Amino acid sequence: MNYKQEFANALEQILDGVLSLEEILSMIEKPKFNHMGDSAFPCFQLAKIYRQSPKTISEEITQKVNVPLFEKVEATGGYVNVFLNKKYVTKQTLELIFSEKERYGSFHVGCGKTITIDYSSPNIAKPFSMGHLRSTVIGNSLSLIAEKHGYHVIRINHLGDWGTQFGKLIVAYKKWGDEEKVKRSPIKELLALYVKFHEEAEKDPILNDLGREAFKLLENGDKEAMDLWEWFRDESLKEFMKIYDLLGITFDSYHGEAFYNDKMEQVVDLLTEKGLLVESDGANVVQLENFPPCLIKKRDGTTLYATRDLAAAIYRQDNYHFDKSIYVVGNEQTLHFKQLFAVLEKLGFSWQKGMTHVPFGMILRDGKKMSTRKGKVVLLENVIKEAIQLALANIEEKNPNLIDKEEIAKQVGVGAIIFHDLKNGRMNDIEFSLEDMLRFEGETGPYVQYTHARAAALLRKGNYVRETDYKIELHDEEAWQIIKELLSFPEAIERAMLGLDPSQIAKCLLDLSKAFNKYYASVKILEESHKQDRLSLVFAVKTVLKEGLRLLGIQAPEQM
RNA sequence: GUCCCAGUAGCUCAGCAGGAUAGAGCAACAGCCUUCUAAGCUGUGGGUCGGGAGUUCGAAUCUCUCCUGGGACGCCA
């Protein structure tokens with residue numbers, strides 16, 4: 001049921017070809033205020049064509065609109081305002097949700113198509129930072145949203161497990177490392193070594209050369225270097241898995257950069273074959289028209305990030321035959337991806353058109369980028385644990401008899417952190433604030449979860465039974481506002497996919513929650529006379545909240 | 001210096017293929033639990049939409065310019 005479409009159809013007939021259906025659809029808007037109706041058509045553009053005032057035109061159109069779906073049509077201030085037939089739309093919407101349930105808001109544009117999503121991708125031997133959290137939760141949500149659109153999704157954790165940094169780390173470990181200490185707390189100790197390396201390198205730049213040499217050994221398969229690398233990688237992965245478990249996130253592939261080590265020669269050969277590789281200051285680069293050249297090989301013959309990303313892109317196309325391939329990586333790497341796509345285009349791979357970089361703003365500390373090299377990072381694991389503790393304290397205070405407190409606390413604490421990251425447009429930089437992340441009131445994950453738990457409690461206490469024939473008599477204005485929010489859920493999902501922006505869904509859930517809590521406060525839902533009708537609405541709200549949270553990667557507890 | 005992103009209420013943000021009186025949340029203040037979980041609801045105050053020009057019947061939204069913050073710009077990733 002699409003009332004906007006019906007409105008547009010009616011307008012097209014009335015306007016008799018003056019505007020196309022598409023033009024009309026793009027002009028129809030949501031009135032600013034509820035008393036102005038549910039849908040509006042502005043007549044200002046028509047004023048020129050008809051040489052009449054918008055007011056006159058809107059009045060004339062209003063006379064002619066005759067759609068059973070609309071209970072009232074009104075001309076105000078140059079707009080044609082339309083009021084939906086509440087009873088009919090309410091019944092239709094609820095019935096649709098009852099029949100579709102969690103499939104409500106699904107699309108099939110992606111059916112039969114494959115999409116690879118590259119996200120999270122933390123760096124081995126470094127702590128899981130806040131920046132990686134963003135990539136992780138955005139990527140996870142986009143994966144779920146893509147599946148909701150019918151896509152076959154391949155989740156790829158492109159681990160940062162290769163590069164000069166490992167040369168540096170190997171040098172640092174051999175100089176100052178202590179096996180026992182690293183075994184006790186690997187990430188902490190490796191980070192300390194990494195930081196020390198950069199401190200010392202400031203004073204003695206020779207160290208940087210040693211680091212590059214060590215990486216060269218690694219790339220050539222030197223036994224000792226490989227053993228160390230493998231050890232660092234295993235320990236790091238163990239730590240990362242703890243975090244993924246807490247967040248409830250999985251991947252289809254953990255092929256990191258190192259995986260492409262033996263596939264890069266082919267890329268270099270291919271570039272050479274096509275005559276794209278040129279020498280410049282001893283290095284090998286691909287010259288690009290609109291961007292700075294893309295570095296493929298360093299003076300010492302070792303590879304770079306771009307080389308590995310090229311190999312990875314080709315590998316993914318060969319193995320997954322993706323239609324779309326998206327990279328959820330911070331906006332500071334925008335140029336890198338522009339170069340990457342440009343090189344692929346020069347290679348003649350038309351599939352590169354399906355590739356998109358999904359950038360996001362940085363987590364700042366005191367207005368500046370957090371620097372791993374200087375050890376200025378906030379450990380995600382600690383933040384998550386703190387959030388869970390706080391959620392537990394809240395449960396003890398508000399609902400001490402709750403069973404399975406630990407599990408619920410985990411769901412709520414993690415929900416708060418994920419929602420905090422997803423509720424705003426992804427391009428905004430975020431100033432790190434533990435206080436904001438651990439907020440459970442207002443526009444937060446726990447607020448939405450709480451609303452869901454409230455709905456669940458009502459259904460339990462009211463012994464809700466789904467009737468086969470829904471009369472559904474809901475006359476309250478508050479109920480109508482809920483219906484409108486339910487109606488906008490599929491639109492939000494579509495916008496989220498189009499803009500690769502999960503915040504669209506988060507915002508929709510907040511609006512729905514607000515509308516429902518308003519209803520809850522003003523209407524006695526379990527009042528016997530209207531109980532089943534009202535619970536039908538509650539059931540629909542609960543279904544949509546749960547599904548919406550799921551699409552964000554957040555659990556929806558039945559009680560909290 | 002060049003390019004990218006951002007600038008809206010005290011704070012965090014929404015609104016941006018132009019449209020009606022610029023909206024939330026937080027913080028502040030004032031109310032609402034003998035009745036469905038108060039992680040909630042209601043109300044009050046709070047704004048030259050960074051500045052300036054332009055396009056338009058109409059600009060927070062589009063164009064130009066300037067200012068501010070952040071980031072990227074060849075051997076890191």
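All values reported here derive from a predicted model rather than from experimental measurement. The chains referred to below are lettered A, B, ... by the order of the sequence lines, with proteins before strands, and numbering in each begins at 1.
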Nearest whole angstrom, please: distance from the [atom2] of [N] to the [atom1] of [X].
X: A/F419; N: B/C26; atom1: CZ; atom2: P; answer: 13 Å
X: A/L335; N: B/C3; atom1: CG; atom2: P; answer: 13 Å
X: A/I28; N: B/G18; atom1: CD1; atom2: P; answer: 15 Å
X: A/I363; N: B/G70; atom1: CD1; atom2: P; answer: 17 Å
X: A/K531; N: B/U35; atom1: NZ; atom2: P; answer: 19 Å
X: A/K32; N: B/A14; atom1: NZ; atom2: C1'; answer: 13 Å
X: A/I296; N: B/A77; atom1: CD1; atom2: P; answer: 12 Å
X: A/E289; N: B/U2; atom1: CD; atom2: C1'; answer: 18 Å

Side chain of A/A453 (C-beta onward), nearest among B/U37, B/A20, B/G74: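 It is B/U37.
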A/N424 side chain, from C-beta outward: closest of B/G70, B/A14, B/A72: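 Looking only at side-chain atoms, A/N424 lies closest to B/A14.
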A/R454 to A/Y520, cation-pi by 6.0 Å centre distance and 45° axis angle: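 Flagged: A/R454 positioned over aromatic ring of A/Y520.
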N/O contacts under 3.5 Å, protein versus nucleotides 30-33 of chain B?
none

Face-to-face contact A/Y305 to B/C76 six-ring, under 5.5 Å, under 30°: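 Whether judged by distance or by angle, A/Y305 falls short somewhere, so it does not stack on the base of B/C76.
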Dot-bracket notation for RNA chain B, counting Watson-Crick and G-U pairs under 3.5 Å, with | for partners on another strand: (((((((..((((.....[...)))).(((((.......))))).....(((((..]....))))))))))))....
Please list each protein N or O that sits under 3.5 Å from an N or O in nucleotides 39-46 of chain B, with the distance.
from, atom 1, to, atom 2, distance (Å)
B/A39, OP2, A/K398, NZ, 2.5
B/G40, OP1, A/G442, N, 3.0
B/G40, O2', A/R454, NH1, 2.7
B/C41, OP1, A/Y447, OH, 2.8
B/U42, OP1, A/K518, NZ, 3.4

ring-ring contact (aromatic ring centres under 6.0 Å, His included) against A/Y119, all qualifying residues, sequence neighbours excluded: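 Result, ring-ring contact (aromatic ring centres under 6.0 Å, His included) vs A/Y119: A/F251.
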What's [X] touching, base or sugar-phosphate or nothing? Going by heavy atoms closer than 4.0 Å.
X: A/Q449; value: nothing
X: A/G163; value: sugar-phosphate
X: A/L295; value: base
X: A/L526; value: base
X: A/F33; value: base
X: A/M36; value: base
X: A/S280; value: base
X: A/E257; value: sugar-phosphate
X: A/V329; value: nothing
X: A/H420; value: nothing
X: A/T334; value: nothing
X: A/P31; value: base
X: A/N401; value: nothing
X: A/G78; value: nothing

For [N] versus [M], give the span between their [atom1] atoms, rounded off to a whole number of Å.
N: B/G31; M: B/U12; atom1: P; result: 30 Å
N: B/G51; M: B/A60; atom1: P; result: 11 Å
N: B/U48; M: B/G43; atom1: C1'; result: 28 Å
N: B/U42; M: B/A24; atom1: P; result: 10 Å
N: B/G10; M: B/C75; atom1: P; result: 44 Å
N: B/A14; M: B/G7; atom1: C1'; result: 15 Å
N: B/U61; M: B/U56; atom1: C1'; result: 13 Å
N: B/U8; M: B/G69; atom1: C1'; result: 16 Å

Passing option when A/T303 is tested against A/K297, A/R308, A/E257 for side-chain hydrogen bond (donor to acceptor under 3.5 Å, both in side chains):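 Option passing the side-chain hydrogen bond (donor to acceptor under 3.5 Å, both in side chains) with A/T303: A/R308.
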Centroid-centroid distance, A/F440 to A/Y447, less than 6.0 Å: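 A/F440 vs A/Y447: aromatic centres not under 6.0 Å.
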Test of ring centre spacing under 6.0 Å for A/F166 and A/F215: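 No: the rings miss the under 6.0 Å criterion.
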Can you tell me if [X] and [Y] form a side-chain donor-acceptor pair at under 3.5 Å?
X: A/N81; Y: A/T76; result: yes
X: A/W229; Y: A/D161; result: no
X: A/K30; Y: A/S488; result: no
X: A/Q481; Y: A/E485; result: no
X: A/E397; Y: A/N394; result: no

Distance below 4.0 Å between A/K423 side-chain N/O and B/A24 OP1 or OP2: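 Answer is no, no contact under 4.0 Å.
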A/E219/A/R212 ion pair, N-O < 4.0 Å: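 Result for this pair is no, no salt bridge flagged.
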Between the protein and nucleotides 57-59 of chain B, are there any N/O to N/O pairs under 3.5 Å, and if so, what are the atom names and distances?
none

CA sep, side-chain torsions, deciding dist, call: A/K507, A/E443, salt bridge (charged side-chain N to carboxylate O under 4.0 Å, His left out): CA-CA 9 Å; A/K507 280 164 201 145; A/E443 298 178 323; over 6 Å; no
Pair A/H132-A/S135, side chain to side chain donor-acceptor pair (under 3.5 Å): steps then yes or no: CA-CA 5 Å; A/H132 287 117; A/S135 172; over 6 Å; no
Syn or anti conformation of B/A30, syn meaning chi within 90° of 0: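 Base orientation relative to the sugar is anti.
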From CA spacing to verdict: side chain to side chain donor-acceptor pair (under 3.5 Å), A/D38, A/W480: CA-CA 10 Å; A/D38 303 308; A/W480 177 238; 3.2 Å; yes
Contact nearer the 5' end of RNA chain B, comparing A/A283 with A/G425: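 The 5'-side residue here is A/G425.
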Taking every non-hydrogen atom, the tightest pair across A/V383 and A/L438: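 Looking at all heavy atoms of both residues, the closest pair is O-CD2, 4.4 Å.
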Per-nucleotide protein contact string for nucleotides 6-11 of chain B, where B marks a base within reach and S marks sugar-phosphate only (heavy atoms under 4.0 Å, - for neither): ------
Parallel, tilted or perpendicular: ring planes of A/F259 versus A/H255, cut at 30 and 60 degrees: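 The arrangement is parallel - the two ring planes meet at less than 30°.
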